[in-house]
Amino acid sequence: MRVAVVGAGPSGLYATDALAAAGHSVDVIDRLPVPFGLVRYGVAPDHHSIRSVRNTLEKVFLEPNVRLLAGVEVGSDVSVQELLDAYDAVVLTYGASRDRALEIPGEDLPGSIAATDLVAWYCGHPDADRERIEAALAAVTSVVVVGVGNVAVDVTRILVAPDERLAQTDMPQHVLDALASSSITDVHVLGRRSPAHATWTTKELRELGEFDGVDVVVDPAALDMEPASIAHLEADRVVARNVEIIREWSQRKEHAGQKSVHLHFRARPVEILGADRVESVTVERTTIDESGSAVGTGDTFDIPAQLIVRSVGYRGTPIDDVPFDSRRNVIPNDEGRVLPDTGVPIKGLYVAGWIKRGPSGIIGTNKKDAAATVASLLLDLADEPVKSEGGIDNLLATKGIEPIGFDGWQRIDAAERALGATQGRERTTIHTVEQLREIAQQRTQ
Ligand code: NAP
């Protein structure tokens, strides 16, 4: 079979690997000029070992039956229906790239941004709004980060990390410069429920307390657990370990660092205040009911801050020709088979990764998830005749679209390493589509 995989992130490349191993040909299509999705544009640049998954994922392009077609946007350059006509099967793995809103007054003020925007900026994503983010970071001393998941930890860590740590990353130079000149001294992290309900993982949480000169400050009262939190704590060893780390921080008396990370629990933002940019955030104290939900108490306090970063999850978006569950922000499916309201799966159309199950899990979670989708695909199509003519090369040529292949990525890879070497780093991310395209399309004379 010939299969089109839409999205060259981890789930797309794990699906490709499984399909190629079963002897099928795969075209991996991505709207960006480079592959790797969230491994390049989401995993924190200072998490070198997680980012190195890229080296493993990249190997799939060395298979003779796998091609990269980067810089082709499904939905605008080519439709899902055109792909279904041209391939035996299509696997959508385009992720969940949009932010979720808090829906509180003041959210549109300058200085109120989504973690997705900040992450895109520091990872050198071509779509990042550099001007807006750098304006939001200017002259900031105090930041509020909303949410207590791994993205919130990433964002907090990057905002307080020592310059030497960031200098070892592949962040674009303008990002390093902006962070090095930042005047941030305090980051307030808000969890609307108890420490037992935070979704961060232990290694990531612990790292927050490992920088010289950065204190983690927690009110010991945060550790007074209500029945729902105790039940949660007792049921999950990771949660219990995390709570112990927080307890240890809460007992520290010395806070002599130049920077502080304040962890607030049972605290949710209700309003963002400021005349023409963020000046403070009004936070309501909550209690946790028997079901484990946060309930407002009406008791509020203000945190002075010039920047608020909401890190309350990602959401998927619909694509033309494909059903969408707008409540869960995923493509409805049965074990990866795209399922419209009729209850009969659309022939040849599959999903994997975050657009299938929502933004959860770690990178490795996508391997199992993609394998399950590919298993459904192989089972369904085992006895179907394959299309004699396949692929979208002619279609793209008639539309004047020149995709970037793996050789193009290899040229970008070499250019990023060369740029990094000039700055004493292993790599520096090139962050504009124009430059990435230009490098990818430079043919050797
Ligand atoms: P997440 O783990 O779902 O965390 C979202 C946080 O936002 C939760 O604390 C949630 O609290 C809070 N929240 C949601 N709505 C809120 C509201 N209206 N007001 C206040 N708080 C609100 O999601 P994430 O941090 O975006 O991470 C996405 C996925 O990527 C996760 O699976 C994560 O583990 C993964 N990831 C992994 C790594 C890593 O392995 N190093 C790094 C980054 C991301 P409630 O629980 O109360 O809803």
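Numbering of ligands and ligand atoms starts at 1, following listing order.
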Hey, mind stepping through Ser79 and Asp320 against side-chain hydrogen bond (donor to acceptor under 3.5 Å, both in side chains) and telling me if it holds?
CA-CA 7 Å; Ser79 68; Asp320 284 351; over 6 Å; no
Side-chain ion pair, [X] and [Y], N-O less than 4.0 Å:
X	Y	result
Glu434	Arg437	no
Arg165	Glu210	no
Asp369	Lys356	yes

Considering the heavy atoms of [X], write down every atom of ligand 1 situated less than 4.0 Å from one of them.
X	answer
Gly313	26 (O)
Val151	24 (P), 25 (O), 26 (O), 27 (O), 43 (C), 44 (C)
Ser360	32 (O)

Measure from the side-chain N and O atoms of [X] to the backbone N and O of [Y], and report whether any donor-acceptor pair falls under 3.5 Å.
X	Y	answer
Thr93	Gly7	yes
Thr429	Asp170	yes
Ser376	Arg337	no

Can you check whether a protein heavy atom sits less than 4.0 angstrom from atom 10 (C) of ligand 1?
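Given the 4.0 Å limit, the answer for atom 10 (C) of ligand 1 is no, no protein heavy atom qualifies.
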What is the closest protein heavy atom to [atom], and at what distance does it sit?
atom	result
atom 21 (N) of ligand 1	Val312 CG1, 3.6 Å
atom 18 (N) of ligand 1	Arg192 NH1, 3.5 Å
atom 30 (O) of ligand 1	Trp354 CZ2, 3.6 Å
atom 32 (O) of ligand 1	Gly361 N, 2.8 Å

Would you call the rings of Phe36 and Phe61 parallel, tilted or perpendicular if under 30° counts as parallel and over 60° as perpendicular?
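Correct class here is perpendicular.
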Parallel, tilted or perpendicular: ring planes of Trp200 versus Phe265, cut at 30 and 60 degrees:
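Judged by the thresholds at 30° and 60°, the geometry between Trp200 and Phe265 is perpendicular.
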Close N or O approach (Glu204, ligand 1; < 3.5 Å)
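Glu204 vs ligand 1: N/O contact under 3.5 Å present.
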Is there a polar contact, in the sense of an N or O pair closer than 3.5 Å, between Thr199 and ligand 1?
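For ligand 1, there is an N or O atom that lies under 3.5 Å from one belonging to Thr199.
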When you look for heavy atoms under 4.0 Å from ligand 1, do you find them on the side chain of [X], its backbone, both, or neither?
X	value
Asp154	side chain
Val146	side chain
Ile362	side chain

Among Asp117, Asp99, Thr116, side chain to side chain donor-acceptor pair (under 3.5 Å) partner for Arg310
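Single side chain to side chain donor-acceptor pair (under 3.5 Å) partner of Arg310 among Asp117, Asp99, Thr116: Asp99.
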Heavy atoms only: which of [options] lies closest to [atom]?
atom	options	answer
atom 39 (C) of ligand 1	Val189, Thr286, Asn150	Asn150
atom 5 (C) of ligand 1	Gly147, Ser311, Pro269	Ser311
atom 46 (O) of ligand 1	Glu103, His197, Arg310, Arg193	Arg193

Heavy-atom contact under 4.0 Å between [X] and ligand 1?
X	answer
Arg268	no
Pro359	yes
Ile50	yes

Assess whether salt bridge (Lys or Arg N to Asp or Glu O under 4.0 Å) is satisfied between Arg427 and Asp413, documenting all intermediate values.
CA-CA 8 Å; Arg427 170 193 298 276; Asp413 185 31; 2.5 Å; yes
Inspect the surroundings of CG in Asp212 and state if more than 12 heavy atoms from other residues, nucleotides or ligands are less than 6.0 Å away.
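No, CG of Asp212 has 12 or fewer neighbouring heavy atoms, counting only those of other groups under 6.0 Å.
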